[in-house]
Amino acid sequence: MSDLSSDLELFNELVEVLISEEENNPVADRIEANELYKTIDLSLNNNPMVDDEFKNTLKDVLVSTPKTATNLFFNQLFGGRQSKAILGDLLSVMLNNSMYTYKVAGPQVGIEQEIIRKSCDLVGYGSESNGTFPTGGSMSNYMALVMARDKKDPDCKNLGMTKRLIAYSSAESHYSNAKNASFAGIGRSNVRYIQADSRGRMMVDKLEEQIQVDLAEGLVPMYVNATAGTTVLGAFDPIEEIADITEKYGIWLHVDGAYCGGVIFSDKYRHLIKGVERSDSFSYNAHKMLGTPLTCSIILVRDKKNLGASFSNEASYLYQTDGDDFNLGKTSFQCGRRNDALKFWTLWKSFGTSGLEKIIDQQFELADVARDYVNSNSDYTVYSYEDSVSICFNYKNIDPIDLCTALYEHQITVVGFGSFHDEVFIRLVTINANNQTDDILNFFKVMEEFAETSTLLKGMLVNQA
Ligand SMILES: *Cc1c(COP(=O)(O)O)cnc(C)c1O
């Protein structure tokens with residue numbers, strides 16, 4: 001048997017192990033971080049490790065790696081597993097193309113472009129739009145910022161910064177905005193964090209006030225980042241009202257839909273990003289709401305000229321055949337680029353757009369289940385609002401940080417905490433569309449049982465009013 005066949009056989013065997021582990025033990029056997037190197041043999045040595053020993057080591061790694069696809073994982077803005085997307089991703093590993101040229105990627109170029117074209121249609125961008133697949137939502141935001149910078153100050157590409165450019169983002173927006181401003185030469189202190197209202201949405205009057213202050217000081221407002229699904233509360237900034245401002249002042253509007261931009265697929269929830277067609281760029285992570293394996297991030301640009309203006313470069317050693325429309329390296333950040341499109345295409349092709357809509361709607365329905373549960377139970381204090389797939393709450397007077405940590409350390413369920421204004425709370429994310437109502441109710445059941453019965457929790461009660 002060839003190496004490949006026997007390794008694929010081993011792969012299947014290991015996947016069986018993983019799946020049965022997930023069923024029997026949905027939260028992984030946790031290894032204390034400071035015990036890690038003592039517990040599993042991760043060492044790389046001069047001598048090869050062979051067959052059974054190799055297999056057993058891999059099994060050890062598998063069973064103790066956090067399980068993100070089970071019905072007790074709620075910690076992150078991704079979770080679950082879409083098998084049709086896994087099929088595509090496994091094929092892309094086998095094919096091992098790089099997405100920069102038609103010469104090496106062939107039809108994969110068309111697959112990527114079809115996803116971009118259909119996504120642009122759903123957003124409502126016109127025929128001049130295009131996009132690319134960056135490494136993630138942070139990189140999408142970075143590419144948007146660089147395009148905004150270059151559009152406002154085209155000399156900047158050759159001469160470096162000549163103007164004091166200012167970026168705006170809500171106080172609740174993703175942390176990549178700060179880092180990106182530093183990478184793009186804009187500077188972290190030239191990002192203005194605009195206050196969010198009580199529901200976590202950017203306050204548009206504050207945005208305009210700040211723009212006017214900056215203009216009066218001779219600074220150059222250049223970029224507004226609006227968020228469709230803030231990382232903690234899952235709130236949607238009012239895009240239509242923000243677009244009124246950005247159009248008035250000639251500022252680039254980027255909509256960061258990394259978390260909840262997937263609502264473009266849903267007739268029921270698309271209204272949450274009303275006005276998105278007026279933005280200059282929009283990004284979403286298919287590895288979040290759509291459930292593809294990490295990473296699968298897409299940035300769309302209303303006018304593709306901006307993408308080429310900021311990211312193309314001649315390279316005769318690379319671009320040797322076919323036109324720019326087929327050589328996607330002309331509009332990407334990277335040179336060699338992983339094929340993140342095929343896994344999304346296999347999912348979309350096999351489900352249809354209507355199937356993707358069901359995935360999105362299911363997440364909101366599960367969120368309603370969770371919200372109804374906490375709203376109708378006086379043991380809970382609720383901090384999030386409707387139309388969000390992040391349900392933020394506290395249980396009794398239990399400190400949320402202690403509770404999340406204890407649930408994780410005792411392998412009960414994996415959930416995180418967040419904060420908004422001065423409150424800290426548990427954040428349950430209903431992003432795993434394979435979950436059903438019972439899985440959500442089960443989360444509350446196991447959490448409550450743990451809180452009631454665990455003596456370890458004594459002393460972690462706070463605010464005993
Ligand atoms: C997750 C997230 C990002 C970052 O995306 P990555 O793919 O993790 O880099 C950016 N913005 C928002 C709102 C997010 O939720």
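Whatever order the structure lists them in is the order used to number ligands and atoms, beginning at 1. All figures in this text were calculated on a predicted structure; none of them were measured in a lab.
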(request) Mind running side-chain contact (heavy atoms from CB on, under 4.5 Å) on Tyr373 and Leu441 for me, showing each step along the way? (result) CA-CA 8 Å; Tyr373 184 84; Leu441 298 177; 3.9 Å; yes
(message) Students should find this: residues with any non-hydrogen atom under 4.0 Å from ligand 1. What is the answer?
(response) Leu77, Gly136, Gly137, Ser138, His174, Thr227, Gly229, Thr231, Asp256, Ala258, Tyr259, Asn285, His287, Lys288
(request) Determine, using ring centers only, whether Tyr380 and Phe444 are less than 6.0 Å apart. (result) yes
(request) Please step through side-chain contact (heavy atoms from CB on, under 4.5 Å) for the pair Thr132 and Met139, ending with a clear verdict. (result) CA-CA 11 Å; Thr132 184; Met139 179 57 88; over 6 Å; no
(message) Closer than 4.0 angstrom, basic N to acidic O: yes or no for Glu240 and Lys274?
(response) yes
(request) Quick one: sort the Tyr223 and His254 rings into parallel, tilted or perpendicular, breaks at 30° and 60°. (result) parallel
(message) What I'd like to find out is whether the side chain of Asp197 reaches to under 4.5 Å of the side chain of Lys206, using heavy atoms alone.
(response) no
